[in-house]
Asks: 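Right, I'll just put the structure down here and ask away after.
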Amino acid sequence: MTELIHEYRGSILENIHCGHICIVDERGGVVHAVGNAEQMTYYRSASKPIQALPVLMNRLDEKFGLSGEEIAIMAGSHSGESCHRDAILSMLKKAGYAEEDMIMNPVYPEAVYARDEMIRRGDPPRKALHNCSGKHVGLMLLAGMFGNHRDYWHPDSKAQKEVKKCIANMAEWPEEKIEIGIDGCGVPVFAVPLRCIAFSFLKLLCPELIADECLAGAAGKMSQAMQKYPLFVKGTDTLCTLLNSDSNVIAKGGAQGVYAFALKRERLGVVIKQADGTGDERPNIVAEILRQIHYSDKTLIEKLEHFHPSEIINDNGTVVGSRKAVFTL
């Protein structure tokens with residue numbers, strides 16, 4: 001574990017954010033490591049684009065007539081805006097499933113403006129607004145192919161076994177060595193070494209690196225949908241939307257400080273794991289990584305700096321401190 005970001009308030013060092021960074025090349029070899037590239041780490045929601053690949057491999061998107069937005073939201077941790085709700089309800093209708101078939105509890109949207117609008121109207125929370133609902137519907141489609149869409153969440157279900165097999169293939173890590181936990185939304189979550197997470201994202205963006213033609217086709221379709229409809233990967237004014245809007249990048253975050261992305265021209269896969277489980281500093285870390293690898297698109301770095309400045313500004317609009325990246329690749 002290595003110090004990644006220092007946060008100052010005035011001249012005093014107030015917070016230190018530690019963690020790991022791993023960058024791999026097209027052979028899966030580690031080209032840069034800050035901390036431990038072999039650290040066993042749960043993908044958390046960063047696995048969503050990969051968990052959805054068996055849906056595409058079995059052409060269930062074609063069977064149910066899913067749109068590009070609906071493919072993208074299976075990979076997303078959406079913020080519960082109206083476009084997200086509509087996509088989830090559309091997918092359920094096409095499949096003939098009910099919103100109540102999903103196992104998570106009803107929630108209000110993560111997007112503050114959408115949440116406040118619902119509360120003003122007196123609308124109750126609902127499952128379709130859960131940030132993981134796209135993943136759940138996708139898994140239900142897969143489980144339905146095996147006969148029972150309601151057991152999609154069970155670790156021993158046929159659907160989850162297909163997902164685990166896909167994780168192993170994309171990560172190039174033995175299936176029997178994948179650690180399984182339960183995610184916040186109630187479905188299995190998978191742990192592999194950090195370098196394997198990074199490599200799986202590079203393969204997602206560069207499907208020509210995948211030997212299995214069916215899996216490669218699914219990865220290409222997923223990465224294209226995420227880039228064409230980045231708003232459905234997260235939501236308005238978010239890091240994932242910013243990064244996936246770039247045709248050279250695919251990116252997805254997860255809980256507890258996990259963030260993964262890949263760069264197509266450079267053929268690099270990257271994963272970040274913040275040890276304290278926070279995520280506020282992700283844009284600063286991503287920007288610093290791009291600076292240190294001499295990334296050619298300075299505009300993207302500028303967008304990241306504008307999205308989350310190194311200056312710390314209080315509620316009155318006053319600059320009261322700063323964030324400084326302290327790691328070296």
Side-chain angles (χ1 to χ4, degrees), residues 21-24 41-56 68-79 84 87 110 130-139 163 166-167 170-171 183-185 187 189-192 194-207 218-264 268-274 277-283 285-286 289-290 300 304 307:
I21 299 170
C22 179
I23 304 178
V24 302
T41 303
Y42 286 116
Y43 274 87
R44 301 301 299 258
S45 284
S47 67
K48 287 177 178 176
I50 299 169
Q51 285 176 284
L53 294 181
V55 177
L56 304 180
E69 293 93 333
E70 290 165 351
I71 291 172
I73 207 168
M74 287 193 294
S77 297
H78 68 79
S79 53
H84 302 139
E110 287 185 6
H130 194 288
N131 78 92
C132 294
S133 58
K135 173 181 67 178
H136 283 244
V137 178
L139 291 170
V163 169
C166 189
I167 293 280
M170 291 292 286
D183 215 335
C185 61
V187 301
V189 61
F190 307 93
V192 299
L194 278 170
R195 62 175 175 80
C196 296
I197 296 177
F199 194 33
S200 66
F201 264 73
L202 181 57
K203 291 167 67 178
L204 184 69
L205 183 58
C206 301
K221 181 178 286 188
M222 176 54 75
S223 59
Q224 289 169 18
M226 292 171 70
Q227 290 177 329
K228 188 172 183 180
Y229 304 103
L231 186 66
F232 288 79
V233 179
K234 185 59 183 176
T236 302
D237 195 26
T238 61
L239 178 60
C240 277
T241 299
L242 188 161
L243 289 174
N244 286 297
S245 297
D246 189 311
S247 61
N248 192 52
V249 184
I250 206 80
K252 181 69 183 72
Q256 299 304 313
V258 176
Y259 205 82
F261 65 97
L263 305 172
K264 191 175 186 69
L268 295 174
V270 184
V271 65
I272 301 159
K273 166 61 177 173
Q274 290 180 241
T278 60
D280 289 347
E281 301 76 26
R282 288 172 176 173
I285 297 171
V286 173
I289 290 170
L290 295 179
L300 179 58
L304 288 164
F307 179 77

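From a predicted model like this one, the values you see are computed outputs, not experimental measurements. Computation of the quantities below employed the complete heavy-atom set of this structure, encompassing side-chain atoms and omitting hydrogens, waters and symmetry-equivalent molecules.
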Asks: Under 3.5 Å, is there a donor on one side chain and an acceptor on the other for Ser47 and Tyr42?
Replies: no
Asks: Indicate the atoms forming the closest heavy-atom contact of Gln227 with Asn248, along with that distance.
Replies: NE2-N, 4.2 Å
Asks: Tell me, which pairs form a ring pair (Phe, Tyr, Trp, His ring centres under 6.0 Å) where one or both residues lie in residues 239-264, sequence neighbours left out?
Replies: none
Asks: Of the non-hydrogen atoms in Ala225 and Gly68, which two are nearest, and what is the gap between them?
Replies: CB-O, 3.8 Å
Asks: Tell me, which pairs form a salt bridge (Lys or Arg N to Asp or Glu O under 4.0 Å) where one or both residues lie in residues 228-247, sequence neighbours left out?
Replies: Glu110-Lys234
Asks: I want to check something: taking the side chain as every heavy atom from C-beta on, are Ile272 and Val258 in contact at a cut-off of under 4.5 Å?
Replies: no
Asks: What's the spacing between His78 NE2 and Ser133 OG if we round to 0.5 Å?
Replies: 2.5 Å
Asks: With the side chain counted from C-beta on, respond yes when Leu300 and Leu242 share a heavy-atom pair under 4.5 Å apart, and no when they do not.
Replies: yes
Asks: Do Leu290 and Leu304 come within less than 4.5 Å of each other through their side chains, counting heavy atoms only?
Replies: yes
Asks: Within the 4.5 Å heavy-atom criterion, are Leu53 and Met170 side-chain neighbours or not?
Replies: yes
Asks: May I ask you to test the Leu231-Thr236 pair for a side-chain heavy-atom distance under 4.5 Å?
Replies: yes
Asks: Does His136 have any ring-ring contact (aromatic ring centres under 6.0 Å, His included) partners at least two apart in sequence or in another chain, and if so, which?
Replies: Tyr152
Asks: Could you walk me through whether Ser79 and Asn131 pass the side-chain contact (heavy atoms from CB on, under 4.5 Å) check?
Replies: CA-CA 6 Å; Ser79 53; Asn131 78 92; over 6 Å; no
Asks: So, does Lys264 use its side chain to make a donor-acceptor pair with the main chain of Leu205 at under 3.5 Å?
Replies: yes
Asks: Among all residues two or more places apart in sequence or in another chain, which pass the ring-ring contact (aromatic ring centres under 6.0 Å, His included) test with Phe190?
Replies: none
Asks: Go through it in stages, so that I can follow the logic: the residues are Lys135 and Asp183, the test is side-chain contact (heavy atoms from CB on, under 4.5 Å), and I'd like the CA-CA distance, side-chain angles, deciding distance and then a yes or no.
Replies: CA-CA 12 Å; Lys135 173 181 67 178; Asp183 215 335; 4.0 Å; yes
Asks: State, to 0.1 Å, how close Gly253 and Arg282 come at their nearest heavy-atom pair, and which atoms those are.
Replies: CA-NH1, 4.2 Å
Asks: Are His84 and Phe232 close enough that their ring centres sit under 6.0 Å apart?
Replies: yes
Asks: If I take atom CD1 from residue Ile167 and atom SG from residue Cys196, how far apart are they, to the nearest 0.5 angstrom?
Replies: 11.0 Å
Asks: Tyr43 versus Lys48: any side-chain heavy-atom pair under 4.5 Å?
Replies: no
Asks: Check Lys252 against Pro49 and note the closest heavy-atom contact, atom names and distance.
Replies: CG-CD, 4.0 Å
Asks: Of Thr241, Val249, Thr238, which meets side-chain contact (heavy atoms from CB on, under 4.5 Å) against Pro230?
Replies: Thr241
Asks: Determine which pairs satisfy salt bridge (Lys or Arg N to Asp or Glu O under 4.0 Å) with at least one residue from residues 195-207, sequence neighbours left out, and list them in order.
Replies: Glu38-Arg195, Glu172-Lys203
Asks: Looking at CZ of Arg44 and SG of Cys185, how far apart are the two atoms once the value is rounded to the nearest 0.5 Å?
Replies: 8.5 Å
Asks: Walk me through whether Ile197 and Val192 qualify under side-chain contact (heavy atoms from CB on, under 4.5 Å).
Replies: CA-CA 7 Å; Ile197 296 177; Val192 299; 3.5 Å; yes
Asks: Does Gln51 reach the main-chain N or O of Val163 with its side chain, forming a donor-acceptor pair under 3.5 Å?
Replies: no
Asks: According to side-chain hydrogen bond (donor to acceptor under 3.5 Å, both in side chains), who are the partners of Gln274, at least two apart in sequence or on a separate chain?
Replies: Thr278, Glu281
Asks: Roughly how far, to the nearest 0.5 Å, is CD1 of Ile23 from CG of Leu268?
Replies: 6.5 Å
Asks: Verify, without hydrogens or angle tests, whether Asn244 (side chain) and Ala251 (backbone) share a donor-acceptor contact under 3.5 angstrom.
Replies: yes
Asks: Any side-chain heavy-atom pair from Thr41 and Gln256 closer than 4.5 angstrom?
Replies: no
Asks: Rounded to the nearest 0.5 Å, what separation is found between the CD1 atom of Ile71 and the NZ atom of Lys221?
Replies: 5.5 Å
Asks: Met74 vs Val55, test: side-chain contact (heavy atoms from CB on, under 4.5 Å). Steps then yes/no.
Replies: CA-CA 9 Å; Met74 287 193 294; Val55 177; 4.1 Å; yes
